[in-house]
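Here is the naming used below: chain letters follow the sequence lines, and residue numbers restart at 1 for every chain. Source: prediction; values computed, not measured.
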Amino acid sequence: GESVGLHLPTLSVQEGDNSIINCAYSNSASDYFIWYKQESGKGPQFIIDIRSNMDKRQGQRVTVLLNKTVKHLSLQIAATQPGDSAVYFCAENGGNQFYFGTGTSLTVIP
Amino acid sequence: DAGVTQSPTHLIKTRGQQVTLRCSPISGHKSVSWYQQVLGQGPQFIFQYYEKEERGRGNFPDRFSARQFPNYSSELNVNALLLGDSALYLCASSDRVNYGYTFGSGTRLTVV
């Protein structure tokens, strides 16, 4: 099966700083990736996606970078806010399913 | 617009019992997927349905089954419940297969 891993299980940042969450994937044939945010008691919330024909994609305060050479994905959150505290998952498309990593817990310190 | 709705939100069952979980996708979404999320882990794929046909099945025992109805809503059934089936069961819908999913808030199943 696919393997999607995250480098750090927890991350603490000061409010206002930028956050970077990393993700490694194993299948070089994967062509579509999604970042999800999951708050306690809720389902995962779509943040941003990127296809393998792109290296970078920007959204509102978020940027996803894709490095296909080393099979690495990152999510950058600008000016992190307390509401950004959550678990973040990267998901890799594989056939008829998405493979999720374990997640990184982001804590924003006021 | 209503998002993906799941019912019930919480459920407690006894080992050996059977459970049915329900999901209503976003209006217009024809693809529904089910995921199991054990505490502290990422979601794991169980089933995908598109236009009422099963398009994919994850590595789960035959005790797990699902179906999609003509209105694109879906049910997940789990028979002969085990303690290890305790988890958050998530339903997700999309207007296309394997595109960005929208997840519901899930059904928290506890097996005692």
Side-chain angles (χ1 to χ4, degrees), chain A residues 1-10 21-27 29-54 57 59 62 64 73 75 86-106, chain B residues 2-7 9-10 21 23-26 29-51 53-60 64 66 68 87-109:
Chain A
E2 306 297 325
S3 173
V4 179
L6 295 169
H7 293 310
L8 293 172
T10 62
I21 301 171
N22 296 303
C23 177
Y25 64 94
S26 60
N27 186 356
S30 293
D31 62 358
Y32 181 53
F33 305 86
I34 304 176
W35 279 100
Y36 283 96
K37 170 187 179 183
Q38 187 173 27
E39 297 174 278
S40 181
K42 297 183 179 179
Q45 176 188 358
F46 177 97
I47 301 174
I48 191 168
D49 59 359
I50 188 167
R51 296 205 172 271
S52 59
N53 60 353
M54 303 172 70
R57 190 162 190 229
V62 295
V64 55
L73 200 66
L75 177 70
V87 177
Y88 290 80
F89 295 96
C90 65
E92 168 188 11
N93 178 243
N96 290 324
Q97 63 177 289
F98 281 91
Y99 295 92
F100 287 76
T102 306
T104 292
S105 177
L106 174 65
Chain B
V4 177
T5 57
Q6 294 186 242
S7 63
T9 55
H10 296 83
L21 311 181
C23 172
S24 293
I26 291 173
H29 284 192
K30 299 178 180 179
S31 176
V32 170
S33 294
W34 287 94
Y35 283 77
Q36 181 196 64
Q37 187 176 24
V38 175
L39 195 62
Q41 297 183 18
Q44 281 202 306
F45 174 73
I46 310 175
F47 285 108
Q48 183 191 75
Y49 278 80
Y50 181 75
E51 288 276 20
E53 291 188 3
E54 182 182 304
R55 289 296 188 94
R57 182 187 182 115
N59 187 24
F60 281 81
F64 289 76
Q68 187 177 32
L88 180 68
Y89 288 86
L90 295 162
C91 174
S93 76
S94 173
D95 58 354
R96 275 169 277 180
V97 174
N98 295 330
Y99 200 64
Y101 291 160
T102 301
F103 281 88
S105 294
T107 294
R108 172 70 63 186
L109 173 65

Does Asn53(A), at its CG atom, have more than 12 non-hydrogen atoms belonging to other residues, nucleotides or ligands within less than 6.0 Å?
yes
Report which part of Gln37(B) has an atom under 4.5 Å of a heavy atom belonging to chain A: side chain, backbone, both, or neither.
side chain
Residue part contacting chain A, namely of Tyr35(B), when any heavy atom lies under 4.5 Å
side chain
Checking heavy atoms, do the side chain of Gln45(A), its backbone, both or neither come under 4.5 Å from chain B?
neither
I'd like to know whether Ser30(A) forms a side-chain hydrogen bond (donor to acceptor under 3.5 Å, both in side chains) with Glu92(A), so could you lay out the CA-CA distance, the side-chain angles of the two residues, the decisive distance to 0.1 Å, and finally the verdict.
CA-CA 7 Å; Ser30(A) 293; Glu92(A) 168 188 11; 2.4 Å; yes
For residues Tyr101(B) and Phe46(A), establish whether the separation of their ring centroids is below 6.0 Å.
no
Can the ring centres of Tyr36(A) and Tyr88(A) be said to be less than 6.0 Å apart?
no
